[in-house]
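Remarks on the structure that follows.
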Amino acid sequence: MSDQNDELVEDALKSIAAAETLSELDEVRVQYLGKKGKLKSLQAELKSLSPEEKREFGKKLNGIKQSIQGALAEKKTALEASENSGPDLEAIDVTLPGVCALPGHRHPLTTTMEEVKAILVGLGFRYDDYPEVESEYYNFDALNTPDWHPARDMHDSFYTTAGNVLRTHTSAFQTRAMKNFGPPPLRAMTSGRCYRRDEIDASHFPIFHQLDVIAIDQNISFADLKWVLYQLASALFGEDVQLRFRPSYFPFTTPSAEVDVMFNGKWLEILGAGMIRPEVLQAGGVDSEKWQGFAFGLGLDRMAMIRHGITDIRLMYENEEAFLRQF
Amino acid sequence: MHINTGWLRDYLSADCKESELLDAFMTVGLEVEEEHDLSHALEPIRIGFIREKKALGDAGKLYECQIEIQKGKLITVVCASEHPVELGWGIPVATAGTKLPSGALIAEGNFKGIRSEGMICLDGEMGLIARSSGLQVFKDEAALGESLSSVSSIQESLVEVSVLPNRPDCLGMIGVAREVAAVLDMELKYPSSREMNASAQQGETVAVEIDDASLCTRYACQVFDGVQVRSSPHWLKSRLQTAGLRPINNVVDITNFVMLEWGQPLHAFDFDALKGNRIEVRRMSSAEKLKLLDESEVDGTHQPLVIADAEKPIALAGIMGGWDSQTTADSKRILLEAACFDPVCIRTSSRKLRISTDSSYRFERGTDPNDMLSGAFNRASELLQDVELSGAKPASGITDSYPNVRQRTTFALSSKRFSKLLGTDISDRQIEECLTKLEMTHDDNLTISVPTWRVDVNNEVVLAEDVARLLRYDSIKMKPMVATTTKGRVSETDGLRTKIGSFLTSNGFLECRTPPLTTEQIALSFSQWQGESIQVQNPISKEMTTLRQSLVGSLVEVVERNARRGASSFRFFEVDRTFRSNDNEIDERWMIGGVVGGAVNDSAWIASEKEIDFLRAKGLVQNLLAHLSVEGITYESDSAAKGYRGEEYAVIKHGSQRIGALGRIDLNALGIKDRARVTLYGMELDISTLMTVKSPAKIFAGLARTQVVARDISIVVPIGLRYAEIAKSLENAFEAAVSNLEAEPRKETDSSFSLQPKLESVICIDTFVGESVGADAKSLTIRMLFRDETYSLTSGEAQQLMDYVVSQLHSEHGVVQR
């Protein structure tokens, strides 16, 4: 009896081990534990036993049942695991792209312009707009550049049929700002389009962008100018930025300087600066005996090109999607 | 201006490294456009040996040479016989395609049917100053095919300097040398003494008459006899060539050389071509004519200043000499002239006559009447008398007309003022030292006397710059700006522009920068505001003639450009000014322009067929305006501006104020070929008007805790009845319904109470046009949300309200419920 039982367990465990699929395993389960299973037929023997034997045999039966059930459960887990190793149709591939609209992009010129502006606002400069269709007076004369002055040759200007000039530089705002905002202290800036009759090539476009700045107070000096320019440059090009100041000439500043930045191992010209000429202060209604200050102006197109490695200015005005989406 | 550093060293007292010299240019403020280290730049020049040489043609002016440029490789070069070459010589050759440091490109030539494949290079042509014959000759065959720089020691550079308009004194080697010497702590070495030798009166006398001394500050001339007009020596020729001038004959070359040296133009007339031993400096009369050296002819229309003899104009003052009085090979006597003219007068003539020369360029920037005679004239006179050159002898005294002697200007300087301006301590001593280097003089009280060649020094700040330059800008240490605090801020409109930009980019728009100066067609399309167009009187192309009145046209061009590149959906915007003029008042109006078309969601890889239509475009505008806190906006049909299609066009208004437009774009009307093949919508909003109507900070309205009631009504309305009108009626009807509402009793209260439900929203959720509703009707489904803030409404109360609204709509518009 006992041997018989051991044999039964052994056979059952063998069959369980041999089952390759869940349904085969289920057949084994039915064969042993089902209504007409082998265990049931053993149970039938109980009836014919004495109460003592019954208890003994019942225990045994239970043991047999448990070991078979245990083996079945173990095998089932194993089979399920192997069957589930295939694709789970409900699981989402989280690496698929999100469903969204294509993002928009700001133009590199405006982002550059806004960045420079934000730095200067932090340094106490006010930003305002000034005319693009400008009088010759504000664009030239008020900036110590009368009609006969050879410096006018540096600007080949567009004139409107009504005799106005399309501003050739944002510096045209200088004496307007002085007049608008009354006696110093004054820190003001503007930026925007400028126009010159340049032939179009990789580095020239007849319409370009500048940003111009003035600061006037009793003691604002060339040393202060250098400091402000370092603040600006370090915000744009990093803390360890190197600048180089070269003497230069603008009719409306003296001393004047061209400022170069060291970028990728090369000196690149980025802006012109200087101390505002007494003549210009006077034209702005500011007493040059009492007040002094600096002015500087930078080409935003060039700045954007340097920062983004853009090699041809025309790309910035062609507005091709493939270009705009890169910034 | 090209400057050969070897030549420049003629005027420097001490030697220095080439690199120091080049750095000095920049330090002192001479703008270096390009610098060519000639030992490097002449790398492509090879030594070739002349293997064959035969005269070409009968004139004997040209030779055809066979030159071996590398072992076994011969090329044909046609050369002028002016500089003799011999068989077996090794000479520098530039083959066709070589670029010389001057910028000249050697091209293949064709002379009398012979193809010339290169050029034999004289020193000057390569930018070098000649050390001997002007042509470097190598006899050792080992040099064959070698680079010139490897067989000849070259230590010169050719520097392209752009002299800024304030410093005409640097338009000569001496001026440049003075600046460079000052920064390198050297002395300037003048080429000749600046002492005038009193020349005895001899032979001829020439009278000089200046009509208007304000136009001609000084005029000096002298007759020279026994002039031998011939080719100049190589040292002189090569120097002219390095500066880009062509040698002509020794007399002309001397005047040009002295101009390059002193920055003072000179002229030599053939004295025997002049009449009456008399020079007049006067305006040309309108009846006169003058043939110039370049064989062009000017007349007296603009009455330019001329030099005339007793009978006629002989030169255009300060600009160009006359043809008939030029120095030729046959000239025996010449009249050497030096003058100083009013810059504005020369500039005006030069501009009006459209003639610009090396001479006018210098005069219009300002020359020095003092150095004119003692420096330049003196030097030219010495060179003319040099037997190596023309061996001429003075045949008259110098006639010198100088009515108002130009004095040195003086400035009483203060080191305190300079220190304050530069922001660093500057001592009297430093000021004196720096300015002395520039040949300024001073007294014990720091009163500085400025040489007359410094025409730019009209204010003491220029001297502050000179001091700062010579101390070097780098020596001025930056220091944190200590000044009165000022409020930094962007303007309100600028802040709004930034907000607009970020909203639109968040909504998938690409920002553009398009030229405001465009064609008249594009400039005036889509324009919504009255005003004359602003045209440019001197455009550079017909693509850029008019300032635009609307941004949309330019954006449509952007769409077309991208469509050509294969794009099929478009979202572009730009924020910029538009321009018009009203009664000569210029109106620069900031606008937002946008163009959209194509797929609603163009990157959705989960297929979406939907395309942008009018209402979707309007939705974008609505959200933008909401983002900007602009409320109370209406959209009205109107006659469309040019470029929009009338059936899908709305004027955007705030009250009676127009703030913009939205509409479907009509490419046909713009004459643009439709490459995009999608329906495009344009929108434009006026930022300056938005500024005036945007709401202030919003006030919290409280939160209602009762339940909101939603009710939909489906109604059939006459097809012409606009939704805005129905919605308005509906709101009014709801208000009336509330006043008629009878509250149902509630458990929680016994006392009487009143309900004040408010309509929170009215949205159209469906429209339908079709047979089932009849031909002149449309069906609308409108969802209303409403609630009372104190009591939740019962369904019976809600029904009362809806019944009232429907009956009201029916009696007002004949609307029936479906």
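Worth knowing before you read on, the calculation uses all heavy atoms, side chains too, and leaves out hydrogens, waters and symmetry mates.
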Problem - Beyond-backbone contact of Thr486(B) with Leu186(A), side-chain heavy atoms, under 4.5 angstrom - result: no
Handout entry: Closest-packed option against chain B by number of heavy-atom pairs under 4.5 Å, given Thr161(A), Asp198(A), Leu123(A)
Key = Thr161(A)
Exercise for the section: May I ask you to establish whether Arg571(B) and Phe573(B) are in a cation-pi arrangement, using a distance under 6.0 Å from NZ or CZ to the six-membered ring centre and at most 45° from the ring axis? Expected result: no
Completion exercise
Okay, Gln292(A) and chain B: the region with an atom under 4.5 Å from a heavy atom over there is side chain
Handout entry: Which atoms of Leu547(B) approach chain A - backbone, side chain, both or neither, heavy atom under 4.5 Å
Key = side chain
Practice task
Return the option, out of Phe323(A), Tyr159(A), Phe327(A), with the maximum number of heavy-atom pairs under 4.5 Å with chain B.
Solution key: Tyr159(A)
Completion exercise
The interface call for Glu318(A) against chain B, heavy-atom contacts under 4.5 Å, is both
Problem - Carboxylate-amine/guanidinium contact Asp576(B) Arg497(B), below 4.0 Å - result: no
Fill in the blank from the handout: Taken in chain and number order and not counting sequence neighbours, the residues that satisfy side-chain hydrogen bond (donor to acceptor under 3.5 Å, both in side chains) with Glu588(B) are Arg577(B)
Problem - Segment of Thr485(B) engaging chain A (4.5 angstrom heavy-atom cut-off) - result: backbone
Practice task
Answer with yes or no whether the side chains of Thr546(B) and Glu520(B) bring together a donor and an acceptor at under 3.5 Å.
Solution key: no
Problem - Closest-packed option against chain B by number of heavy-atom pairs under 4.5 Å, given Leu243(A), Leu120(A), Ile207(A), Leu166(A) - result: Ile207(A)
Handout entry: Short side-chain donor-acceptor distance under 3.5 Å, Arg589(B) and Thr578(B)
Key = no
Exercise for the section: For the residue pair Phe205(A) and Tyr317(A), categorise the inter-ring angle as parallel (less than 30°), tilted (30 to 60°) or perpendicular (more than 60°). Expected result: parallel
Exercise for the section: Could you look at Gln535(B) and say if it's the side chain, the backbone, both or neither that has a heavy atom under 4.5 Å from chain A? Expected result: both
Handout entry: Aromatic Tyr138(A) / basic Arg176(A) pairing, under 6.0 angstrom, 45° off normal
Key = yes
Completion exercise
Under 4.5 Å to a heavy atom of chain B? For Phe181(A) that would be neither
Practice task
Name the region of Lys487(B), side chain, backbone, both or neither, that has any atom closer than 4.5 Å to a heavy atom of chain A.
Solution key: backbone
Practice task
Side chain from CB out, backbone as N, CA, C, O: work out which of these in Leu517(B) comes under 4.5 Å of a heavy atom of chain A, or both, or neither.
Solution key: both
Exercise for the section: Measure Ile586(B) against the heavy atoms of chain A and call it side chain, backbone, both or neither at under 4.5 Å. Expected result: side chain
Exercise for the section: Determine whether the side chains of Ser162(B) and Glu33(B) contain a donor N or O and an acceptor N or O closer than 3.5 Å. Expected result: yes
Problem - Lys/Arg N to Asp/Glu carboxylate O, Glu289(A) vs Arg417(B), below 4.0 Å - result: yes
Handout entry: Residue part contacting chain B, namely of Met316(A), when any heavy atom lies under 4.5 Å
Key = backbone
Problem - Side chain / backbone / both / neither for Val133(A) at chain B, heavy atoms under 4.5 Å - result: both
Problem - Region of Pro103(A) that comes under 4.5 Å of a non-hydrogen atom in chain B - result: backbone
Practice task
Sort Val575(B) into side chain, backbone, both or neither according to what part of it lies under 4.5 angstrom from a heavy atom of chain A.
Solution key: neither
Handout entry: chain B contact via Glu132(A) - which portion, at a heavy-atom distance below 4.5 Å
Key = both
Exercise for the section: Indicate yes or no for a side-chain donor-acceptor contact from Lys117(A) to the backbone of Tyr127(A) under 3.5 Å, with no hydrogens or angles considered. Expected result: no
Problem - Contacting moiety of Arg561(B), where chain A heavy atoms sit under 4.5 Å - result: side chain
Exercise for the section: Select, from Met189(A), Arg193(A), Lys226(A), the one with the greatest count of heavy-atom pairs under 4.5 Å involving chain B. Expected result: Arg193(A)
Handout entry: chain A contact via Pro343(B) - which portion, at a heavy-atom distance below 4.5 Å
Key = neither
Problem - Arg351(B) versus chain A, the contacting section by heavy-atom distance below 4.5 Å - result: side chain
Handout entry: Pick from Gly192(A), Pro251(A), Ala118(A), Ser256(A) with the largest number of heavy-atom pairs that fall under 4.5 Å of chain B
Key = Ser256(A)
Exercise for the section: Mark yes or no for whether Ser491(B), through its side chain, and Asp494(B), through its backbone, hold a donor-acceptor pair below 3.5 Å. Expected result: yes
Problem - Engaged part of Ser157(A) at the chain B interface, taking heavy atoms whose separation is under 4.5 Å - result: backbone
Fill in the blank from the handout: Applying a strict 4.5 Å limit to non-hydrogen atoms, the region of Arg246(A) in contact with chain B is both
Practice task
Flag the one option from Val228(A), Leu225(A), Leu229(A), Asp129(A) with the top tally of heavy-atom pairs under 4.5 Å to chain B.
Solution key: Asp129(A)
Problem - Lys/Arg-Asp/Glu bridge criterion (N-O < 4.0 Å) met for Glu364(B), Arg347(B) - result: yes
Handout entry: Aromatic plane relationship, Phe294(A) with Phe296(A) - under 30° parallel, 30 to 60° tilted, over 60° perpendicular
Key = parallel
Fill in the blank from the handout: Applying a strict 4.5 Å limit to non-hydrogen atoms, the region of Val467(B) in contact with chain A is neither
Handout entry: Residues that Ser221(A) engages under side-chain hydrogen bond (donor to acceptor under 3.5 Å, both in side chains), provided they are two or more places apart
Key = Asp224(A)
Practice task
Measure distances from Asp466(B) to the heavy atoms of chain A and classify the residue's part below 4.5 Å as side chain, backbone, both or neither.
Solution key: neither
Handout entry: chain A contact via Thr498(B) - side chain, backbone, both or neither, heavy atoms under 4.5 Å
Key = both
Problem - Engaged part of Asn562(B) at the chain A interface, taking heavy atoms whose separation is under 4.5 Å - result: side chain
Handout entry: Glu574(B) and Thr514(B): side chain donor to acceptor below 3.5 Å
Key = yes
Handout entry: Residue Tyr195(A) versus chain B: region with a heavy atom under 4.5 Å
Key = side chain
Practice task
For residues Asn538(B) and Phe158(A), determine if any side-chain heavy atom of one lies less than 4.5 Å from a side-chain heavy atom of the other.
Solution key: yes
